[in-house]
A.B. asks: 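So that we are looking at the same thing, I have put the structure below in structure tokens.
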Amino acid sequence: MSDSKPTRLERIDTDRGAQLAVLTIDNPPLNLFDKALMESLAADIADLAAAPPRAVLLRAEGKLVSGGVDVHVFDGLSVDEGAELWRTLFARIVHPLEALPCPVVFAAHGLTLTAAFEIALACDILLAGPKAKFGLVETVVGLTPSMGGPQRLAERAGSGRARELVMTGDLYDAATMADWGVVNAVHEDVDSAARALAARLADGPTRAHAATKQIVAAWRSGGVAHADSVTPQVSGELFGTEDLRGAVRSFLAVGPGRASYTGR
């Protein structure tokens, strides 16, 4: 970690020259979400939104992904101030992260609590190490998770599982979360696996990935009929991209598996 910043944003090139952004939480000893971490994370996500890479990997340093939110953040808030806190975190972290026009992979190597878990659920793909544990434990301070965790958990695992996890405040291991469909895959070396996946996605057709995210977002907000209604325009625009044109030309010339993508 730097002297003043609890996150680190790096932009690196894959072997094929595509830009991959790695956003690391590094706020020892517990990677608690205090005001400084929230502000730093919001600033980094704004940076990504202003100049999107081809893929993003979100990860953490240390033994834990995060021990949760620093409870000092909640101390003394009024009703209006509490509501404004959640509105701000949605507006500056959760929604901009989901709206990034590229794949976002989250790597959870250890304990992942509250805000960190909610942010993981806002990512496109969630990978976990075998020792990772997950929990939305806000009930210990009389809260319910309010950065979108319950609804995004319900989307992945069903509303009954979401209510169980939130109401009990229990911890759930990576294998259980994978069985529920919350975690996409469990890897022994999750950081390496997540980096490899993020690089693979960065080397792929980013504009097509962005279109996939738009179509899924349409389904989330309005169901299959709404997604169907937006798909022709969203997908049709891909025919104007160099990604599609170059991939089609290379497919016809040399066969599948050798396409290159510019993404812009």
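Starting from 1, each residue takes its place in the sequence as its number.
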A.B. asks: Using modelled atom types only, decide if a donor and an acceptor are shared between the side chain of Ser221 and the backbone of Ala218 within a distance under 3.5 Å.
C.D. replies: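 Yes; judged by distance alone, with no hydrogens or angles, the pair exists.
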A.B. asks: Testing the basics here: between Leu127 and Ala194, what is the closest heavy-atom pair and its distance to 0.1 Å?
C.D. replies: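 Heavy atoms only, the tightest pair is CD1-CA, 3.7 Å.
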A.B. asks: Any salt bridge (Lys or Arg N to Asp or Glu O under 4.0 Å) pairs touching residues 145-158, not counting sequence neighbours?
C.D. replies: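 Pairs touching residues 145-158 that pass the test: Glu98-Arg152, Glu155-Arg220.
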A.B. asks: Answer yes or no: is there an ion pair linking Arg161 with Asp179, defined by an N-O contact shorter than 4.0 Å?
C.D. replies: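 Not counted as a salt bridge, because no side-chain N and carboxylate O are separated by less than 4.0 Å.
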A.B. asks: Given Arg207 and Glu237, is the salt bridge (Lys or Arg N to Asp or Glu O under 4.0 Å) satisfied, shown in steps?
C.D. replies: CA-CA 9 Å; Arg207 291 287 295 274; Glu237 291 176 358; 5.4 Å; no
A.B. asks: What I want to find out is whether Asp173 reaches Lys131 closely enough, with some N-O distance under 4.0 Å, to be called a salt bridge.
C.D. replies: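 Between Lys131 and Asp173 there is no salt bridge, as every charged N stays at least 4.0 Å from the carboxylate O atoms.
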A.B. asks: Is the backbone N or O of Tyr172 less than 3.5 Å from a side-chain atom of Thr176, with the two atoms forming a donor-acceptor pair by type?
C.D. replies: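 Looks like no, no N/O pair under 3.5 Å.
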A.B. asks: Heavy atoms, side chains only, cut-off 4.5 Å: are Arg92 and Ile45 in contact?
C.D. replies: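 Contact flag for Arg92/Ile45 side chains = no.
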A.B. asks: Is a side-chain donor or acceptor of Thr168 paired with a backbone partner of Glu164 at a separation under 3.5 angstrom?
C.D. replies: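 A pair under 3.5 Å: yes.
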A.B. asks: Among pairs that include at least one residue of residues 120-130, which meet salt bridge (Lys or Arg N to Asp or Glu O under 4.0 Å), considering only residues two or more places apart or in two chains?
C.D. replies: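 Salt bridge (Lys or Arg N to Asp or Glu O under 4.0 Å) check on residues 120-130 returns Asp124-Lys213.
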A.B. asks: I want to check something: taking the side chain as every heavy atom from C-beta on, are Val73 and Phe33 in contact at a cut-off of under 4.5 Å?
C.D. replies: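 SC-SC contact between Val73 and Phe33 ruled out.
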A.B. asks: Are Pro145 and Val166 side-chain neighbours, meaning at least one heavy-atom pair lies under 4.5 Å?
C.D. replies: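 Touching, per the 4.5 Å side-chain cut-off.
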A.B. asks: Which residue pairs pass the salt bridge (Lys or Arg N to Asp or Glu O under 4.0 Å) test when at least one of the two sits in residues 244-256, sequence neighbours left out?
C.D. replies: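 Every pair satisfying salt bridge (Lys or Arg N to Asp or Glu O under 4.0 Å) with a residue in residues 244-256: Glu242-Arg249.
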A.B. asks: Hey, are Arg54 and Gln19 close enough side-chain-wise for a donor-acceptor pair under 3.5 Å?
C.D. replies: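 No, Arg54 and Gln19 have no side-chain donor paired with an acceptor closer than 3.5 Å.
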A.B. asks: Using ring-ring contact (aromatic ring centres under 6.0 Å, His included) as the criterion, list what pairs up with His226, not counting sequence neighbours.
C.D. replies: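 In terms of ring-ring contact (aromatic ring centres under 6.0 Å, His included), with neighbours along the sequence ignored, His226 is linked to no residue.
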A.B. asks: Are any of the side-chain heavy atoms of Ile119 and Leu41 separated by less than 4.5 Å?
C.D. replies: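 Sidechains of Leu41 and Ile119: in contact.
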A.B. asks: Does Leu153 reach the side chain of Arg163, with side-chain heavy atoms less than 4.5 Å apart?
C.D. replies: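 SC-SC contact between Leu153 and Arg163 ruled out.
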A.B. asks: Mind jotting down which residue pairs meet the salt bridge (Lys or Arg N to Asp or Glu O under 4.0 Å) criterion with at least one end in residues 72-81? Sequence neighbours excluded, please.
C.D. replies: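 Every pair satisfying salt bridge (Lys or Arg N to Asp or Glu O under 4.0 Å) with a residue in residues 72-81: there are none.
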A.B. asks: For residues Glu138 and Thr114, report the shortest heavy-atom separation together with the two atoms involved.
C.D. replies: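 Looks like OE2-CB, 3.2 Å.
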A.B. asks: Please check: side-chain N/O of Glu118 versus main-chain N/O of Met147, any donor-acceptor pairing under 3.5 Å?
C.D. replies: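 At least one qualifying donor-acceptor pair exists.
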A.B. asks: Under the ring-ring contact (aromatic ring centres under 6.0 Å, His included) rule, collect the residues that match up with Trp86, sequence neighbours excluded.
C.D. replies: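 ring-ring contact (aromatic ring centres under 6.0 Å, His included) check on Trp86 returns Phe74.
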A.B. asks: Is any side-chain heavy atom of Leu57 closer than 4.5 Å to a side-chain heavy atom of Arg195?
C.D. replies: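 Contact flag for Leu57/Arg195 side chains = yes.
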A.B. asks: Does the side chain of His72 pick up a donor-acceptor pair with the side chain of Asp70 at under 3.5 Å?
C.D. replies: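 Yes.
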A.B. asks: Under a 3.5 Å distance rule, please check whether Asn31 uses its side chain to pair with a backbone N or O of Asn27 as donor and acceptor.
C.D. replies: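 Looks like yes, one N/O pair under 3.5 Å.
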A.B. asks: Does Ala18 offer a backbone N or O that forms a donor-acceptor pair with the side chain of Thr14 under 3.5 Å?
C.D. replies: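 Pair found, side chain donor or acceptor close to backbone of Ala18.
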A.B. asks: May I ask you to decide if Leu244's main-chain N or O and Thr241's side chain share a donor-acceptor pair within less than 3.5 Å?
C.D. replies: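 A pair under 3.5 Å: yes.
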A.B. asks: So do Val65 and His109 actually touch side chain to side chain, heavy atoms under 4.5 Å?
C.D. replies: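 Yes, side chains in contact.
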